[in-house]
Amino acid sequence: MKLLQRGKAKSVYASGDGTVTIEFRDDITAGNGAKHDVLKGKGSLLNAINEIFFKELSSHAVPNHYFESISENSFKARKVDIIPLEIVVRNYSAGSFCKRYGIETGKKIGPIVEFFIKNDALNDPLVCKDVVVKLNVSTIETLNKAEKLALKVNNVISEFSENHGLILADFKIEVGFHDGELLVSDEITPDTCRFWDVKTHESLDKDVYRQSVGDPLIAYKEVLRRLSS
Ligand code: UDP
């Protein structure tokens, strides 16, 4: 298969039939690549968790790129024209939101939707819709659709997570067009979501790695165990 793109933790291949194969590698990174490790088995854990969430979206008719898992660590998806934005939905304060606004972690604040322009050299700046339009990154119509889509994703996956003992504090999605339809794309995993234990608020996501407070694989296995039970 032809490699189309090698990201920090995933590789995208052309499948040959017009679809793409997305492979979760065992790499884990934080701080825009400043911290990097390889954790054996991480890719297959994320592939399994991602499958659960995208199937949940499909069962609620939320348009998305996912077809099926095709190996332990890869899945087949529709090829989309990705909009170079990170769309973040926040239910509880955490991460960059706390730093930016001087707020403590764990406050119920949402749902709030934020847009960040994907640009590693600029550290993915936070932008408002008018700036996205002015920079010709997207149109206001698409941004409004993307915002609605992100809130639908939040409804579906936060309810599903809570039913399995996990608070969805925040998450990032990417969206793209296929045949004129805006689809949820990329991944939905503990690399891109903050999951907290419903009682203790213990982190079970990439914050374990970002903050070097434990073994991320143990956290990711626990997320998969809960979502599968
Ligand atoms: N996120 C992501 N990729 C990024 C930046 C953020 O998947 O490049 C996710 C992150 O895991 C969290 C949410 O988006 O679930 C909000 O992240 P935040 O803006 O707080 O940034 P961070 O603390 O990760 O720097």
Side-chain angles (χ1 to χ4, degrees), residues 5-10 12 22 24-25 27-37 39 42-43 45-47 49-50 53-54 57 64-65 82-128 132 137 146-147 149-151 153-154 156-158 160-162 166-176 184-197 201-214 216 219-220 223 227:
Q5 197 190 327
R6 187 180 161 90
K8 295 188 191 93
K10 297 194 297 298
V12 182
I22 302 183
F24 287 99
R25 303 195 314 272
D27 299 272
I28 185 164
T29 69
N32 199 2
K35 195 174 170 190
H36 172 240
D37 284 280
L39 303 176
K42 177 196 175 238
L45 277 171
L46 288 201
N47 192 43
I49 294 168
N50 189 57
F53 282 123
F54 272 96
L57 290 185
N64 67 78
H65 73 154
I82 285 278
I83 298 170
L85 285 177
E86 305 210 326
I87 305 168
V88 169
V89 181
R90 301 184 187 273
N91 297 307
Y92 289 85
S93 58
S96 74
F97 188 90
C98 294
K99 273 199 203 129
R100 185 172 303 110
Y101 301 114
I103 287 167
E104 63 186 279
T105 303
K107 298 273 167 223
K108 181 88 178 95
I109 52 162
I112 288 174
V113 180
E114 291 176 337
F115 296 97
F116 297 83
I117 291 189
K118 272 170 81 86
N119 183 325
D120 281 346
L122 296 177
N123 262 320
D124 298 343
L126 174 67
V127 282
C128 65
V132 178
V137 171
E147 191 169 44
L149 201 51
L151 288 169
V153 172
N154 186 46
V156 171
I157 67 169
S158 63
F160 184 82
S161 301
E162 262 190 51
L166 296 167
I167 290 174
L168 179 67
D170 64 25
F171 65 95
K172 181 264 301 188
I173 56 165
E174 294 183 27
V175 301
V184 181
S185 306
D186 195 49
E187 66 178 294
I188 301 177
T189 70
D191 265 10
T192 59
C193 303
R194 285 194 166 96
F195 295 114
W196 295 343
D197 178 87
H201 281 204
E202 176 199 1
S203 289
L204 292 165
D205 54 54
K206 200 159 92 171
D207 273 351
V208 172
Y209 180 73
R210 288 188 189 100
Q211 297 165 9
S212 306
V213 290
Y220 290 14
V223 169
L227 296 176

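Order of appearance sets the numbers: ligands from 1, and atoms from 1 within every ligand. When a residue number appears, it is its place in the shown sequence, counting from 1. It should be emphasised that the depicted structure is a prediction, and the values quoted were computed from it without experimental measurement.
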Under 3.5 Å: donor-acceptor pair, side chain of S203, backbone of W196: no

Residue portion contacting ligand 1 (non-hydrogen atoms closer than 4.0 Å) for C193: backbone

Distance filter under 4.0 Å to D191 heavy atoms, resulting ligand 1 atoms: 7 (O), 11 (O)

Per-atom contacts of ligand 1 with R194, taking only distances under 4.0 Å to non-hydrogen atoms: 12 (C), 15 (O), 16 (C), 17 (O), 18 (P), 20 (O), 22 (P), 23 (O), 24 (O)

Contact partition for D205 relative to ligand 1, non-hydrogen atoms under 4.0 Å: neither

Spacing of I173 atom CD1 and D186 atom CG [to the nearest 0.5 Å]: 9.5 Å

Shortest protein contact, atom 20 (O) of ligand 1 (heavy atom only): S96 N, 2.8 Å

Numbered atoms of ligand 1 (with element) below 4.0 Å of V88, judged on heavy atoms: 14 (O), 16 (C)

G95: numbered ligand 1 atoms lying under 4.0 Å from its heavy atoms: 20 (O), 23 (O)

Whether R90 lies under 4.0 Å from ligand 1, heavy atom: yes

Approximate separation, where rounding is to 0.5 Å, of L166 CG and E202 CD: 10.5 Å

Protein heavy-atom partner closest to atom 8 (O) of ligand 1 - residue, atom, separation in Å: E86 OE1, 3.0 Å

Atom 2 (C) of ligand 1: nearest protein contact (heavy atom, Å): K172 CE, 3.5 Å

Interatomic distance, D191 atom CG to Y209 atom OH [nearest 0.5 angstrom]: 10.0 Å

N91 side chain near K108 side chain, heavy-atom distance below 4.5 Å: yes

Nearest protein heavy atom with distance in Å, relative to atom 11 (O) of ligand 1: R210 NH2, 2.9 Å

Protein residue, atom and distance nearest to atom 13 (C) of ligand 1, heavy-atom basis: D170 OD1, 3.5 Å

All pairs passing ring pair (Phe, Tyr, Trp, His ring centres under 6.0 Å) where residues 94-127 contributes a residue, at least two apart: F97-Y101

Short N-O contact, K42 and D37, less than 4.0 angstrom: no

Backbone N/O of F195 and side chain of D205: donor-acceptor pair under 3.5 Å: yes

Straight-line distance of L45 CG to F24 CZ, nearest 0.5 Å: 11.0 Å

Which of the ligand 1 atoms, numbered from 1, are nearer than 4.0 Å to a heavy atom of T192: 7 (O), 9 (C), 11 (O), 15 (O)

Ligand 1 contacted by D207 (non-hydrogen, < 4.0 Å): no

